[in-house]
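Note sheet for the following structure.
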Number of protein chains: 2
Amino acid sequence: MSMKVGQTTRDRLIDASYQLARRQGFNRTSVSEVMKAAGVTKGSFFFHFPSKESLGLVVLKRDREEFLTMIDASLAAATPLQGIERFFAKALKKHRETGFIGGCLWGNTALEMCDSNSSFTEIVVGVFKEWTAKMSKAIRAGQACGQIRRDLPPEVLAQMIVASIEGGIMLSRLAKKAGPLKGCLKMLMTLLQPIAMGRSPGEQWMPESKQRSIPHRQEKSE
Amino acid sequence: MSMKVGQTTRDRLIDASYQLARRQGFNRTSVSEVMKAAGVTKGSFFFHFPSKESLGLVVLKRDREEFLTMIDASLAAATPLQGIERFFAKALKKHRETGFIGGCLWGNTALEMCDSNSSFTEIVVGVFKEWTAKMSKAIRAGQACGQIRRDLPPEVLAQMIVASIEGGIMLSRLAKKAGPLKGCLKMLMTLLQPIAMGRSPGEQWMPESKQRSIPHRQEKSE
DNA sequence: AGTGGCTAACCAACCGATCGGTCTATTGAG
DNA sequence: CTCAATAGACCGATCGGTTGGTTAGCCACT
C-alpha cells in the first residue's frame, strides 16, 4: 500500500503504523495490518520491534518531534501574532491536505488511551503540555507588545486555543469539510484582538478582507 | 460489577456497555467484558442483541436522547445567556462528578469511528449537528436582546463553543483536573460578551466575583 | 384444580477467525 | 564464513458469534 521505496523496513513500518493509527486508532490497528501495509512479514516486524506497543510508542515519539518543531518554526515570525497566525494556517493546511481524514494523532490517542494505557498517555500529556506552553509564551509576547488583548491570562488563553483546535479538527473530520476548523481559527483570532476603546459592535466580523493570512480557498460545499 | 438490581438484563447490558465504551471506546470493549460487567452469560447477550455493534448503536441512541434533553432543559432559562451559562455549568458538573474519567461519549466515538464505521458516525454527526443548532439558536436569541455581541455569526460561534467544550473535556480528562474545561468555559463566556463602547482592557478577567454562575469549588491541585 | 404445551429468557459449550507474539530456517551482503 | 535481516509456520488466547438445551411462568383445556 504505502510501501515507499528507498525507505528502510523499520521506517516503512513506522510510516504504515502512523497512517493506520491516525485513521483507526492504535487499538483497532492490528500487527498484520501494519505488516501488510508496509509489505513486510511477521518475522521481520518483530525483529525490528519487540511488541506492537513499542512500535506505537516510536510512532508517537517521532510525530512529537515533528509536531513540536513545526510549532517552533511557525511561531518564529516577525511578530507574536503573525507567528500564531502562521501556526493556524499550517495546521489548517495540513488537515486540508489529508482531506480531513484521520485527524490529529494527539487528540485521537488522547481519547483512545488516556483512561487505559499509561505509557501512551504519558507522551500525549507531554505533547499537550509543551504545545500549550509554546502558545502561552507567544501570547504573553503578543500581550507585551500590544498585539493581543491583555485582560486574559495567557495560560488559559493558550489552553483554550489548543482545545478549540482539537475540537475544530474533530468537527471538520466528522463533516469532511474545512468549515468548522476554519471557523474556530477565525474566532480565535477575533478573541485575541485587543479591545479597542471606541470600537462598536456590528462590523467586526471579517473587517479587512485584504490582510488575512489564513488562506481561504473557497469550499465546494456548505 | 455494575450489576444493579431491579433492572432488566437488557438494561444492564446497555448500562455496562455505556460505562465501558466511555472509558475504553467501543472497539476495545469486548462482548465478554460487557457480559461480565452486566452479570450475564454469552447466550443471554446475543438473545437481547443480534450483534455487538447493534448494542453499541442502542447505547448511542439512548445517550443521544438523554443529552439532547439535557441541552433543551438547560437552555430553557430566563434569558438566552443564562441558558448557555446553565448548560456550561451542567456539563462541567457532569464531568467533575465522574472525576474526568471517560470523557464525552460523542467526542470519543467521533474520533474512534468517523473514518471507519459509518453507522456509528451517522449518529454522532447527527448529535453534533443538533447540539450546534440548539446553541446557535440560543446565541441568536441572545444577540437579539443584546446579551451577546452581535458582530459574530451565531453558527460559527456555536461551532466554536462545541469545539472548545470537546477540546476542554479532552484536556481535563488528560490532566484529571477541572482546570482546562473550566478555563475554556470561562473564556467562552468572555467571548460572548458584547463589546462595551468605552471598555478598556486590563480589568476584564474575573471582574465581578459575586455574580458567577459557573460553580467554582476550589481544586486541590494546580 | 391439575396438567400439558408454549415461549421468553437464560445458560454454557463450542465454532472459525484473528489476535499479539515465538521460533526455526533461509537469505544475502560484507 | 558470518550475521543482520527476512520469511512464514506455528502458538495459546481471545475475538464475535452460534447452537442445543434448560429453565420458569403463563395459558388453554379437561
Side-chain angles (χ1 to χ4, degrees), chain A residues 1-61 109 112-113 116-121, chain B residues 1-61 109 112-113 116-121:
Chain A
M1 256 310 136
S2 60
M3 188 60 179
K4 288 157 201 153
V5 290
Q7 275 186 118
T8 69
T9 297
R10 192 185 139 93
D11 283 341
R12 267 186 288 122
L13 284 169
I14 295 175
D15 250 32
S17 176
Y18 170 79
Q19 300 293 346
L20 288 167
R22 224 167 64 93
R23 281 164 179 70
Q24 323 176 347
F26 282 103
N27 293 326
R28 205 187 182 124
T29 302
S30 70
V31 172
S32 318
E33 229 173 332
V34 176
M35 282 162 40
K36 206 167 57 179
V40 155
T41 56
K42 184 157 280 191
S44 210
F45 181 104
F46 285 98
F47 170 77
H48 290 285
F49 300 97
S51 68
K52 176 190 174 183
E53 172 162 327
S54 79
L55 169 57
L57 293 175
V58 167
V59 168
L60 282 190
K61 284 171 187 164
T109 309
E112 186 181 4
M113 301 293 193
S116 49
N117 186 311
S118 57
S119 315
F120 281 67
T121 304
Chain B
M1 257 309 137
S2 61
M3 188 59 179
K4 289 157 200 152
V5 288
Q7 274 186 116
T8 69
T9 298
R10 192 186 139 93
D11 284 340
R12 268 186 288 122
L13 283 170
I14 296 175
D15 250 32
S17 176
Y18 170 80
Q19 299 293 346
L20 288 167
R22 224 168 63 94
R23 281 164 178 70
Q24 324 175 345
F26 282 103
N27 293 327
R28 209 194 180 117
T29 302
S30 71
V31 172
S32 317
E33 231 173 331
V34 176
M35 282 161 39
K36 206 166 56 177
V40 156
T41 55
K42 185 157 277 191
S44 209
F45 181 103
F46 284 98
F47 169 77
H48 289 286
F49 301 97
S51 67
K52 175 190 174 183
E53 171 163 328
S54 80
L55 169 57
L57 293 175
V58 168
V59 168
L60 282 190
K61 283 170 188 164
T109 310
E112 187 181 3
M113 301 293 194
S116 49
N117 186 309
S118 57
S119 315
F120 281 67
T121 305

To the side chain of B:Ser44, which of C:dC11, C:dC19, C:dG21 is closest?
-> C:dC11
Which one, C:dG20, C:dC10, D:dC15, comes nearest to the side chain of B:Thr9?
-> C:dC10
Out of D:dG8, C:dA9, D:dG16, which nucleotide sits closest to the side chain of A:Lys42?
-> D:dG8
Output the distance between atom CZ (A:Arg10) and atom NE2 (A:His48), rounded to the nearest 0.5 Å.
-> 8.5 Å
For A:Phe46 and D:dA5, what is the distance between atoms CZ and C1' respectively, to the nearest whole Å?
-> 16 Å
Of all the nucleotides listed (D:dA4, D:dG16, C:dA9), which has the minimum atom distance to the side chain of B:Phe47?
-> C:dA9
Using atom CG of A:Leu20 as one end and atom P of C:dC19 as the other, report the distance to the nearest whole Å.
-> 12 Å
Nearest whole angstrom, please: distance from the P of D:dA4 to the CZ of A:Phe45.
-> 21 Å
From the options D:dG17, C:dA9, D:dA7, select the nucleotide whose nearest atom is closest to the side chain of B:Ser51.
-> D:dG17
To the nearest angstrom, the CG-C1' distance between A:Asn27 and C:dT18 comes to 16 Å
What integer distance in Å separates B:His48:NE2 from C:dT7:P?
-> 18 Å
Separation of B:Glu53 atom CD from D:dG17 atom C1', in whole Å?
-> 14 Å
What is the distance from CZ of A:Arg28 to P of C:dC19, rounded to the nearest Å?
-> 11 Å
Against the side chain of A:Ser30, the closest entry in D:dG17, C:dC19, D:dC15 is C:dC19
A:Lys52 NZ - C:dG20 P separation (whole Å) = 4 Å
Passes side-chain contact (heavy atoms from CB on, under 4.5 Å), A:Met113 versus B:Arg28? Steps please.
-> CA-CA 10 Å; A:Met113 301 293 193; B:Arg28 209 194 180 117; 4.0 Å; yes
